[in-house]
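For reference, the structure is listed below as structure tokens.
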Amino acid sequence: MDRRRFLQATGTAFGALVASGCAIRPLIPVNTTASIYGGLEPDPQGLLDLPNGFSYQVISRLGDKMDDGGTVPDNADGMGCFDVGNGHLALVRNHELIPGDDAGGQLAEGYGTRHGEVLPGGTTHIRLDAKTLQVETQFRSLAGTIRNCSGGITPWGSWLSCEESPTGPGQRYGEGLANNHGWVFEVPANTRGLVAAIPLTALGRFNHEAACVDPDTGVVYLTEDRDDSVLYRFLPKFPGQLSKGGQIQAMSAVGVPDIRNWKPTQQPVGRSWPIRWIDLENTDAPADDLRTRAAALGATLIARGEGIHMGEQELYVCSTSGGRAKLGQILRLKPGYGRKQDSLELFFESESKDQFNFGDNLTVAPNGHLVVCEDQYTEVVDNHLRGITPAGEAYPLARLRLQTELAGACFSPDGSFLFVNTYSPTHTLAISGPWDWAVA
Amino acid sequence: MIKNPSNRFGRRLADKAAIGLSLLCMVHCLLLPLAFTLIPALLATNLGDERVQLWLVLVAVPISAFA
């Protein structure tokens, strides 16, 4: 090598370094305004009305024979979608079943029993082709739990399944139970069968609803479905290893002891507050009093914290019955990542039933809108999927024609399909359409 | 626009490795010209001496045979 070739080689190396610095800079999205898809067209099958250009197919339903000898159980609730490689997806689907409900067959093992019988709550797995949606296999993946309401995906490829059931021996609804319940369980997306059901006790015992994980920090955010709930977060000792312990904290928006807006003094939509986090102790809470102890320490009250979804360095929380009209709020939390203080914004609040009525699970669509599943508690329900634009405008995205709720909305990783469940009878639907459509 | 998160969870270790390798690359690029200028100085050492070669063989052969 001569000097000229040496300089060429080192020059190329430094040039490549400079170029690589440019290449990893994120692309700035084109600014677009809100997109609304137009009116809903009646579904001839009487299941789900969708806008023109959208269609659905049923990929799994109550009673379908599964590959482990069981059948698809009822009460399909929260759900996560994972790319498991080789062109396959895995849907991990919660079943909010209580003792005495049909589990869809005999369960070999699980976390808890009642009178010696494995409890029916848990998850089922659907592995399917990512393009054709052909179901490859369905099987039970978690058992022995109670009222697995929702949960959340982790960035390391698992589903957190949340028990909305702080009960146990000697407690209300605890007759015949062998163990305490009200925990979170982890189900790897790539499992091929029933997993060992081990409660993640470090994530606390309360009326768990849902969870999301910040991929930048591994911090887990957790909601509780109570009228007087608070928002929790879990700081793991080792990110990605939740069983190894950590610290649970409750959120306190500075100067806002209560964001439910049920009292005459109300917080305005669009306003933000700095937040601090309060350490909580005795988080296995035998008396199911974690939220009341948190509130006594200054945590902000939230009305029925339900769906929670991680966006890009911000997360969205559904408060199902929050707001002046008690029809629902959506909160936006922005972690500060050590550069600034975390903050909370009242992002949206419904003023009428036509606008938004009892939002529950939520996700983010490829076009940058929120997609929220309604779960009304009236005798006759009229549940929709609602879209919400980044400007906070709600619009109908789909209307369920059954007297049940929509749950578990989640997109395939490539954004082609929105998967969603009808709660009872169980249907898992894949909705395709112009999800990336954003009209100026 | 509301966005889904980029999954950087598994990339943090990769990021650190990439930074380390880039630093190593930079050190390599900076030191190599210096090393070249020192090549003539190697002639002044005893590395070409027959006794050095002999000792190298005496060490290398038994270790190679054992390995």
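These values consider heavy atoms only, across backbone and side chains, with no hydrogens, waters or symmetry-generated copies. Naming: A, B, ... by sequence-line order, numbering from 1 per chain.
Interface remark: A:Y316 contributes side-chain atoms only to the contact with chain B (heavy atom separation under 4.5 Å).
A:F238 CZ: 12 or fewer foreign heavy atoms inside a 6.0 Å radius. Atom CG of A:N86 is surrounded by 12 or fewer heavy atoms from other residues, nucleotides or ligands within 6.0 Å.
With hydrogens and angles ignored, the 3.5 Å screen pairs a side-chain donor or acceptor of B:N4 with a backbone N or O of A:V364. No side-chain donor-acceptor contact under 3.5 Å links A:E312 to the backbone of B:I2.
In this structure, A:G311 and B:P5 approach most closely via the heavy-atom pair O-CB, 3.2 Å.
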